[in-house]
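First the structure, in the form of structure tokens, and then the observations on it.
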Amino acid sequence: GADASPADRAWLDELDERYDVEPRQTRELLRRVDAIPVSLAIAQAAMETGWGTRRVAQAGQALFGQMVFRPGDDDGRVRKFEQLEHAVAAYAVNLNTHRAYADFRRAREQARRENRPIDGHALAQHLQRYSERGMDYVRDIRSLMRGNGLRALDRARLDSTTS
């Protein structure tokens, strides 16, 4: 309930801007600044890159098939990145801000409220608009998760006590 320090306020203002939230809309900011299930991110990266074999993944660090459209260009191009972590950050911002994934964010928030684990398999159903393939894409993502045991990664935790 205390006022934020000027440094904290500046940090929150930066988050508001990055996650496209009106200033001081704390609930919406919390809905957007949240984790993406590891199983989902890995499955989508594997699907979008052919397990890293596609040229756009190798030459442009494009893990998630994010498109860039220029004025007058209806087809668009796969967005390139200088570093892998930039691709991952852009992917997280995309899922956490684009209106197409509002149901994804609401479902994740509901799971948090109900103290349920964040389950990539369950949340995948809200990514129909990620691909023109719609539910076929979701089915393939879920199949990739099952076939490669990726769901277990959603429960993984880093332990700072191990060396």
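Model, not experiment: these values are computed from the prediction.
For A102, the side chain to side chain contact (heavy atoms under 4.5 Å, CB included) partners at least two apart in sequence or on another chain are R105, R106.
Here the CE-CG distance, from M145 to D140, works out to 11.5 Å after rounding to the nearest 0.5 Å. With values rounded to the nearest 0.5 angstrom, R32 atom CZ is found 11.5 Å from E109 atom CD. With rounding to the nearest 0.5 angstrom, the CD atom of E85 is 8.5 Å from the CD atom of Q61. To the nearest 0.5 Å, atom CZ of residue R79 and atom CG of residue L63 are 12.0 Å apart. Going from atom CD1 of I42 over to atom CZ of R151 covers 14.5 Å, rounded to the nearest 0.5 Å.
One hydrophobic cluster holds both V21 and W11 under the rule that ILVMFWY side chains link at heavy-atom gaps under 4.5 Å. At a threshold of 4.5 Å between side-chain heavy atoms, the hydrophobic network of Ile, Leu, Val, Met, Phe, Trp and Tyr places I36 and L29 in two separate groups. Tracing side-chain contacts under 4.5 Å through hydrophobic residues (I, L, V, M, F, W, Y), one reaches V38 starting from L84; they form part of the same cluster. Following chains of ILVMFWY side-chain contacts shorter than 4.5 Å, one can reach L153 starting from L123, so the two form part of one hydrophobic cluster. Linking ILVMFWY side-chain heavy atoms closer than 4.5 Å, directly or via other members, places L30 and L12 in two distinct hydrophobic clusters.
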| Q128 vs R133, side-chain contact (heavy atoms from CB on, under 4.5 Å): CA-CA, chis, key distance, verdict | CA-CA 8 Å; Q128 294 176 35; R133 298 178 48 235; over 6 Å; no

| request: Would you sort out whether R112 and I118 count as a side-chain contact (heavy atoms from CB on, under 4.5 Å), showing the intermediate values? | output: CA-CA 7 Å; R112 294 261 190 234; I118 303 305; 3.4 Å; yes

| task | Please test R18 against E14 for side-chain contact (heavy atoms from CB on, under 4.5 Å), starting from the C-alpha separation and ending with a verdict. | result | CA-CA 6 Å; R18 183 180 323 146; E14 180 186 320; 2.6 Å; yes

| task | Verify salt bridge (Lys or Arg N to Asp or Glu O under 4.0 Å) between R31 and E28, making sure each step is shown before the conclusion. | result | CA-CA 5 Å; R31 180 182 292 141; E28 183 59 24; 2.4 Å; yes

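Residues A43 and I141 approach most closely at O-CD1, 3.7 Å, considering heavy atoms. A pairwise comparison of heavy atoms in Y101 and N94 identifies CD1-O, 3.5 Å as the closest pair. Here the closest heavy-atom approach between residue E82 and residue H86 is recorded as CB-ND1, 4.1 Å. Between F81 and A62, the closest heavy-atom pair is CD1-CA, 4.3 Å. Of all non-hydrogen atoms in G120 and S39, the two that sit nearest each other are CA-OG, 3.5 Å. Heavy-atom minimum distance, T49 versus A45: OG1-O, 2.7 Å.
In this structure, Q58 contributes its side chain and G52 its backbone to a donor-acceptor pair below 3.5 Å. Formation of a donor-acceptor pair under 3.5 Å by the Q66 side chain with backbone atoms of A90 is found in this model. Although no hydrogens or angles enter the test, the distance criterion places no donor-acceptor pair under 3.5 Å between the side chain of S143 and the main chain of R139.
Electrostatic pairing of E48 and R54 does not count as a salt bridge here, judged by no charged N lying under 4.0 Å from a carboxylate O. Of the charged side-chain nitrogens involved, none lies within less than 4.0 Å of a carboxylate oxygen, so that D3 and R9 do not count as a salt-bridged pair.
A heavy-atom distance below 4.5 Å is not found between the side chains of Y130 and V138. The side-chain heavy atoms of F104 and L40, taken from C-beta on, include a pair separated by under 4.5 Å.
For the salt bridge (charged side-chain N to carboxylate O under 4.0 Å, His left out) with R108, the qualifying choice from D119, D154, D34, D103 is D34, the only one to do so.
Note: F64 and Y91 have parallel aromatic rings, judged against thresholds of 30 and 60 degrees for the angle between ring planes.
Between the side chains of R113 and Q110, at least one donor N or O sits under 3.5 Å from an acceptor N or O. Q44 and Y137 are linked by a side-chain donor-acceptor pair at a separation below 3.5 angstrom, with hydrogens and angles left out of the test.
Atom CD of E114 sits in a crowded spot, with more than 12 heavy atoms from other residues, nucleotides or ligands closer than 6.0 Å.
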